[in-house]
Number of protein chains: 2
Amino acid sequence: MWHSSISQAIPPLTQAPANRCGDCLVRHRCLPPSLPTDELHQFAALLTHRRPLQRGDHLYRAGDPPHSLFAIRSGALKTYLIDDDGHEQITGFHLPGELIGLDAIGLDRHPSFAAALETTSLCQLSLVQLETLHEPLPNLRSELLRIISRSLHAEHRLLHLNHRSAEDRLAGFLLDLSERFARRGLSRHCFVLPMSRCDIANYLGLTSETVSRLLARYRQRGWLHIEGREVRLNTDFDLPVLTEHCPLP
Amino acid sequence: MWHSSISQAIPPLTQAPANRCGDCLVRHRCLPPSLPTDELHQFAALLTHRRPLQRGDHLYRAGDPPHSLFAIRSGALKTYLIDDDGHEQITGFHLPGELIGLDAIGLDRHPSFAAALETTSLCQLSLVQLETLHEPLPNLRSELLRIISRSLHAEHRLLHLNHRSAEDRLAGFLLDLSERFARRGLSRHCFVLPMSRCDIANYLGLTSETVSRLLARYRQRGWLHIEGREVRLNTDFDLPVLTEHCPLP
DNA sequence: CGAGCGATTGATTTCTTTCAATATCGGTGG
DNA sequence: CCACCGATATTGAAAGAAATCAATCGCTCG
């Protein structure tokens, strides 16, 4: 369990004038893509940055008062819940260009935890400022609604995956990751898993032993190479399994 | 499979001047509760009603252009996806006071299906009018974001349930229903399931045989009485299992 | 009345977990 | 530099849970 550093310990927020959205590597997958240029500048001026999170650092914890939305510039995070008997349940893995903290909108306490899986840098948008932005930036509101609505649908698709066999679930998981890397301009076939086998297992509702065994099975079938966290999917892998699942939105 | 009547066949939309939000039985659980009175009237004036759906009627289908949000006045609906191999996956059951169509916001096609489980009457709010309402009714926007954000969190909790044993999942499902009925002023202990065993099984990722067997097991343990769709939960049922799961938000 | 769907129950099979042992990697300190 | 440690990963054998296959019952609707 990670408790090396809590979010309160990283307060040096700084305006980072060089880091505008315009030169962000993942701007096309983030909040601003549909904003016209003038609105974009207005929007970007209100973003703040913080010192990057290190592996295991928490961005927020359940119970914290939510103050901001976060967009991931680089790195990866996991979000999770802890239930009454203390069991941790991972609810999602988050890659560059994705928004974090949506589930806390309108609440006075964060319902979930968010922890960095590797060194992670973020953009931060204060929820208060977001309110003031709705008026001058009408497109932003629509975009936000669109993104959160899309997340809702993504959850539904996930739910769907969960009702399949372990083999299908893990394959679907890898293909989903692959797709998300591809959309960010990275390789669809070769990537490095940001999370441990245990995290994968937890997320998919399996045991880490089962995950190991299934990966071995895929390997035997020649579907992929995997060594530690480095994955190379063969083209064989894409087609037969992808068609079994819902296409991505 | 139900195809008795498609939504295009029910176009007689009517302003129903008698049916304002003020006298709606589920107004406290719907969109308006946080609106001040004057905004509420303005809001309610824009709602339209349609002839109630009959069991099996579709409110919308995947691929339809989304034009409205719907609030359930009475009855019950299920929403579901159909994947590439034609398998239906239920993503949710929806009770009076809940909003339907949130996952289509910002999309040009509905990503899911919605079908009535019993006779169901609805309020309808055009998405176009929703856009125009953001300006004069700022509280409405916040409320909508809040609701959709809450749905997102509810999905996460559900995900969590899915990683438990079949026994826990079904128990959690019944308790969730019980809780939702209670919040609407109905009995927490006695209610009628609006859906079939197959629907429950589909939703929970089980088989209907397993659902039957588990219900029989609960019955043997004296946790509940169930005959057909009529359920009576004993107080024994609430406590031991509820504490195993996340509290509702 | 008969057909068909939904529900229940039983027997068997399949899949996943659990328990247990071993292997590997990265880092730490002697 | 190397031995050791803990955390992470892999692999095997046995136990357990849920699915599948199959049969029956009751109900509704044509």
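Convention: sequence-line order gives letters A, B, ...; per-chain numbering from 1.
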Under the rule for side-chain contact (heavy atoms from CB on, under 4.5 Å), what residues qualify as partners of Ser74(B), not counting sequence neighbours?
Ser121(B)
Using a cut-off of under 3.5 Å, enumerate the N/O to N/O pairs linking the protein to nucleotides 21-30 of chain D.
| residue | atom | partner | partner atom | Å |
| --- | --- | --- | --- | --- |
| dC21(D) | N4 | Glu209(B) | OE2 | 3.2 |

With Tyr218(B), which residues qualify under ring pair (Phe, Tyr, Trp, His ring centres under 6.0 Å), at least two apart?
Trp223(B), Phe237(B)
Determine yes or no for a side-chain-to-main-chain donor-acceptor pair under 3.5 angstrom, with Asn202(B) supplying the side chain and Ile90(B) the backbone.
yes
Looking at residues 215-222 of chain A, who's got a heavy atom less than 4.0 Å off DNA chain C?
none
Is the backbone N or O of Arg164(A) less than 3.5 Å from a side-chain atom of Arg169(A), with the two atoms forming a donor-acceptor pair by type?
yes
Can you name the atoms? Protein N/O to nucleotides 22-24 of chain C N/O, anything below 3.5 Å, with the distance.
none

Short N-O contact, Glu179(B) and Arg157(B), less than 4.0 angstrom:
no
Pair Thr79(A), His94(A): side-chain N/O donor-acceptor within cut-off below 3.5 Å
yes
Regarding Thr207(B), tell me which of base, sugar-phosphate or nothing describes its non-hydrogen contacts under 4.0 Å with the strands shown.
base
Parallel, tilted or perpendicular: which fits the ring planes of Phe173(B) and Phe93(B), with parallel below 30° and perpendicular above 60°?
perpendicular
Taking atom CZ as the centre, does Arg109(A) end up with more than 12 heavy-atom neighbours from other residues, nucleotides or ligands that are less than 6.0 angstrom away?
no
Does dA9(D) have its OP1 or OP2 closer than 4.0 Å to a side-chain nitrogen or oxygen of Ser208(A)?
no
Whole angstrom is fine here: how far is it from CZ in Arg197(B) over to C1' in dA18(D)?
18 Å
Using OP1 and OP2 only, check whether a side-chain N or O of Ser212(A) sits under 4.0 Å from dT11(D).
no
Return no unless some side-chain N or O of Thr210(B) is found under 4.0 Å from OP1 or OP2 of dA19(D).
yes
Would you work out how much the helix from dC1(C)-dG30(D) to dG30(C)-dC1(D) bends between its ends, with each end axis defined by five base pairs, to 10 degrees?
30°
